[in-house]
Amino acid sequence: MTTATADWTTRLAGLRPPAGLHIDGRSVAAATGRTFPCISPRDGRVVAEVAEGGAEDVDRAVASARSAFQDGRWARRSPRERRETLLRLADLIEEHREELALLESVDMGKPISDSLAVDLRVTLQTFRFYAEAIDKLYGEVAPTAEDQLATITREPVGVVGAVVPWNFPLMMAAWKLAPALAVGNSVVLKPAEQSPLTALRLAELAAEAGLPPGVLNVVPGFGPTAGAALGRHPDVDALGFTGSGEVGRAFLIYAGESNMKKVMLECGGKSPQIVLPDAPDLDRVADAIVSGIYFNQGEACSAGSRLLVHDDIKDQVLERVVERSEQWHPGDPLDPSTRIGAVVEQRHLQRVLEYVAVGQAEGASLITGGRRAREETGGFYVEPTVFDAVRPEMRIAQEEIFGPVLSVLTFRTLEEAIDIANATSYGLAAAVWTTDVSAAHRTARDLRAGTVWINCFDASDITVPFGGSGESGYGRDKSLHAVDNYTHRKTTWLHIGA
Ligand code: NAD
């Protein structure tokens, strides 16, 4: 154990995580009085007991959000005032970044160094980006006839529901909250039951920053109860969801069966990394393949879970990938040198290991990893795993495993590579490695994916939209395009003829 690990562990012992629902600016108990344990995947221990929100609590939160929206306490503030409040919130997040990073790592198992370098950094950028953007967005005047004036303005939709997953709890919440709040909406956020702590702390910081009561409510609870209640609520105007395809489908049904609320979905992927024979620098390619699948324990919707490598260079690439995989030892999330932490929960550990068994049963060749690690800690760790000889129709090439498991497939022609890459139900992200500019552009054009990386993987910036096609969903997080999710365009006609 390094000294720094001991420091984090000591701080953890002194931490009092938030435990109530956050409704109408206050921390309150669930209507039923029920709580649920937050189990840390780091060691299987309970870190907090959190109020378990249900339908009645969602009703209370939506009513609070609605009345905040109706009386204009936030929506009718000038964009500049909203900007100042959100910038204050960003400053508070920065001030508390280590506490938030610690809560995140303990709650869902990611390395503390990633929590700080990725989740907290991006969360801060996100709040600052939308805060800064909001007083710089203009409406339009349409080129109508002389005697008419038609303006096109953006209006907040009203009450926004946000249902987020456990893999980047704070960051995903920020991607939805920051644009929704910046344009004047009120929000009810339901964090995943595996990872509610940072969302609750964020709500406290938002109140401290001066966000009026009711504008941001947080209701932790389970999907089929709290999540479904939000999805079905007749007074929620728009809902942003990130998570599994199965639940994404449920939100479409909820919307259809309730008030036709606007739904934005981000439902995962099975991202291919295509390596052509003229790929530049195979060491760099191997580094990107390995971090592309093992970052965040493979629990990333854009994880590069399929390596499509040309037959001629397969051995050279695979040798490098395996050598590097064996250097990604799962470790204590609170050790700053750890690169791969614990998967989110016992059930998910079982799920990932079941996929390993499925791959073997399907005839793929397990060449490294595939087992539980660090079992003596009581935590949920999986070895970085590589399957060779995977065929496109196998389940491990089709389904989102959401763990550190790489499937390696080969091809002979670029057309074949593109066909294999596109032959899943997903369309979130993809990468191609080549020095041939035409091949790179042709591949980027032909891949079904919301994002294509050429000679890089996972490049990301708040200025760039992120989202998918196919069963990866629709709507875009990040960038100014995300504002579309949380606004309507209104046209207003004025007759100005004599
Ligand atoms: P999930 O889709 O079940 O959960 C995501 C969110 O939806 C959580 O807040 C959850 O409480 C809520 N939810 C669950 N069931 C619901 C329901 N019936 N109605 C309304 N809300 C509901 O994801 P999971 O079970 O945590 O993970 C399962 C798989 O989903 C993963 O292994 C992975 O393949 C995928 N996943 C994808 C992402 C992503 O970023 N796209 C994130 C998490 C999980």
Side-chain angles (χ1 to χ4, degrees), residues 1-2 4-13 15 36-49 101-115 165-167 169 192-195 197 290-291 293-300 303 305 321-362 364-387 395-396 399-407:
M1 190 190 272
T2 63
T5 311
D7 283 351
W8 286 111
T9 320
T10 309
R11 289 179 66 169
L12 177 62
L15 217 58
F36 66 99
C38 269
I39 295 167
S40 175
R42 173 179 178 245
D43 53 11
R45 297 212 191 129
V46 175
V47 281
E49 280 286 336
L102 180 56
L103 284 175
E104 200 79 308
S105 285
V106 166
D107 210 6
M108 63 66 68
K110 73 173 66 198
I112 187 78
S113 42
D114 286 349
S115 287
W166 41 259
N167 53 343
E193 52 272 37
Q194 296 86 349
S195 57
L197 300 180
V290 163
S291 60
I293 181 64
Y294 302 141
F295 168 65
N296 215 49
Q297 303 71 242
E299 296 166 324
S305 51
V321 166
V322 171
E323 189 190 311
R324 284 164 174 74
S325 296
E326 286 164 0
Q327 289 160 11
W328 281 63
H329 304 291
D332 182 352
L334 297 192
D335 180 341
S337 68
T338 292
R339 288 203 284 177
I340 181 165
V343 299
V344 69
E345 60 181 348
Q346 172 99 41
R347 192 169 58 122
H348 191 55
L349 169 74
Q350 285 324 121
R351 187 171 183 265
V352 174
L353 295 177
E354 273 164 34
Y355 270 110
V356 173
V358 165
Q360 288 174 300
E362 286 180 314
S365 161
L366 178 64
I367 53 175
T368 188
R371 287 169 307 189
R372 181 175 183 177
R374 308 186 84 236
E375 193 167 351
E376 69 288 354
T377 62
F380 316 128
Y381 300 85
V382 184
E383 291 174 345
T385 301
V386 179
F387 274 107
R395 283 183 59 198
I396 59 167
E399 297 174 20
E400 189 177 42
I401 300 174
F402 231 59
V405 182
L406 179 68
S407 295

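Separation of atoms CE (M108) and CD (Q194) is listed at 9.5 Å; rounding is to 0.5 Å. Interatomic distance, D332 CG to S337 OG, rounded to the nearest 0.5 Å: 9.0 Å. Rounding to the nearest 0.5 Å gives a distance of 11.5 Å between CD of E104 and CG of D114. Taking CD from E326 and CD1 from I367, the interatomic distance works out to 9.0 Å, rounded to the nearest 0.5 Å. The CZ atom of R42 lies 6.5 Å from the CG atom of L12; values are rounded to the nearest 0.5 Å. Distance check, rounded to the nearest 0.5 Å: CD1 of I401 to CD of E354 gives 11.5 Å.
For the residue pair A192 and P165, the shortest heavy atom distance occurs at CB-C, 3.7 Å. In terms of heavy-atom proximity, I396 sits nearest to A364 at CD1-CB, 3.9 Å. Considering all non-hydrogen atoms of both residues, S113 and P336 come closest at OG-O, 3.4 Å. Closest of all the heavy-atom pairs between T5 and T9 is O-OG1, 2.6 Å.
In terms of modelled atom types and a separation under 3.5 Å, the side chain of T385 and the main chain of G370 share a donor-acceptor contact. Of the possible donor and acceptor atoms, none in the side chain of E299 sits under 3.5 Å from a partner among the backbone N and O of V343. Looking at T338, its side chain never comes within 3.5 Å of a backbone N or O of P111 through a donor-acceptor pair. A donor-acceptor pair under 3.5 Å is formed between the side chain of H348 and the backbone N or O of F402. No donor-acceptor distance shorter than 3.5 angstrom exists from the side chain of S40 to the backbone of D107, with no hydrogens or angles considered.
Residues L406 and V290 form no side-chain contact, since every pair of their non-hydrogen atoms from C-beta on lies 4.5 Å or further apart. You'll find the side chain of V356 stays beyond 4.5 Å of the side chain of V382, heavy atoms only. No side-chain heavy atom of I293 sits under 4.5 Å from any side-chain heavy atom of V405. At a threshold of 4.5 Å between non-hydrogen side-chain atoms, the residues W8 and P333 do not count as touching.
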- Query: Run the side-chain hydrogen bond (donor to acceptor under 3.5 Å, both in side chains) check on E400 and S305 step by step: do they pass?
  - Reply: CA-CA 8 Å; E400 189 177 42; S305 51; over 6 Å; no
- Query: Can you list the steps and then say if V106 with L15 is a side chain to side chain contact (heavy atoms under 4.5 Å, CB included)?
  - Reply: CA-CA 11 Å; V106 166; L15 217 58; over 6 Å; no
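A side-chain donor from one of S115 and S105 sits under 3.5 Å from a side-chain acceptor of the other.
With sequence neighbours left out, the ring-ring contact (aromatic ring centres under 6.0 Å, His included) criterion links F387 to no other residue. In terms of the ring-ring contact (aromatic ring centres under 6.0 Å, His included) criterion, residue partners of Y294 (sequence neighbours excluded) are, by chain and number, W328.
Residue pairs meeting the salt bridge (Lys or Arg N to Asp or Glu O under 4.0 Å) criterion with at least one member in residues 369-378, sequence neighbours excluded: R371-E383, R372-E375.
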